[in-house]
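Working notes, beginning with the structure itself.
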Protein chains: 2
Amino acid sequence: MDLTRLMLRLYFGELMLGPGKAALLEAIASEGSISAAGRKMGMSYKRAWQLVEAMNAGFREPLVESARGGAKGGGAHLTPTGHEVLAAYRNLEATVLEAGAEDIARIKALLAAQ
Amino acid sequence: MDLTRLMLRLYFGELMLGPGKAALLEAIASEGSISAAGRKMGMSYKRAWQLVEAMNAGFREPLVESARGGAKGGGAHLTPTGHEVLAAYRNLEATVLEAGAEDIARIKALLAAQ
């Protein structure tokens, strides 16, 4: 049985950054709106907004800029800080898999046969 | 704001290995019983047993051996496999912090002042 999922959460005081927020940032970048991103993730609009607000409050610059209530119902996009945080998080995940490959293999070698 | 906590969960199919199970293994090693380990962690005896059973079922050899219902109410200890899995998990956490230091610093540099 291979490693099927890695879940990495970083806590900086009150702010938590994990797979859900990273995926939401990616969905906002691809969908161009918070509501569409939330739908894509099966998340309520309210929940998606709460996560965005928590991230925006936790960083010096907002990660997501939105035109809430605009004519189009509000588009949204990642700021440069948003792209940077997302890239660092995804890079960290890749780093874990690469640098941690030996430890993960040690565990895998002891797993029960499936 | 420094990184205050790292939470790393590994999923191998049905089996999840994370901070709670690692801490439980450590507590069993130090306390010498599953019930005492559960108490130390503020966890019910039933919950502690469930976690141990999930781990024991997921690996080729059990991670915890116990004398359930013995004269002393059942002592427990880690097997060599239990020690090995715990060591690999703790090493992986340290590896993440070390190899991921640059990515974590990139994120930290963007955090709001506290």
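These values consider heavy atoms only, across backbone and side chains, with no hydrogens, waters or symmetry-generated copies. What you see is a predicted model; the values in this text were computed from it and never measured.
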Side-chain heavy atoms of B:Arg106 within contact of A:Leu92, under 4.5 Å: no

Under 3.5 Å donor-acceptor, A:Tyr89 side chain and A:Leu8 backbone: yes

B:Lys108 side-chain N/O to B:Leu3 backbone N/O, donor-acceptor pair under 3.5 Å: no

Most contacts with chain B, counted as non-hydrogen pairs under 4.5 angstrom, among A:Gly13, A:Gly100, A:Ala99: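 Highest number of pairs under 4.5 Å: A:Gly13.
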
Options B:Leu110, B:Leu15, B:Thr81, ranked by heavy-atom pairs under 4.5 Å with chain A, top entry: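 Greatest number of close heavy-atom pairs with chain A: B:Leu110.
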
Per-residue contact mode, [X] against chain A (heavy atom under 4.5 angstrom):
{"X": "B:Ala87", "answer": "both"}
{"X": "B:Asp2", "answer": "backbone"}
{"X": "B:Ala109", "answer": "backbone"}
{"X": "B:Leu17", "answer": "side chain"}

Step-by-step salt bridge (Lys or Arg N to Asp or Glu O under 4.0 Å) determination, B:Glu26 to B:Arg90: CA-CA 10 Å; B:Glu26 262 159 10; B:Arg90 289 299 183 212; 2.8 Å; yes

Spacing of OG1 belonging to A:Thr79 relative to NE2 belonging to A:His77, to within rounding of 0.5 Å: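 One finds 7.0 Å between OG1 of A:Thr79 and NE2 of A:His77.
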
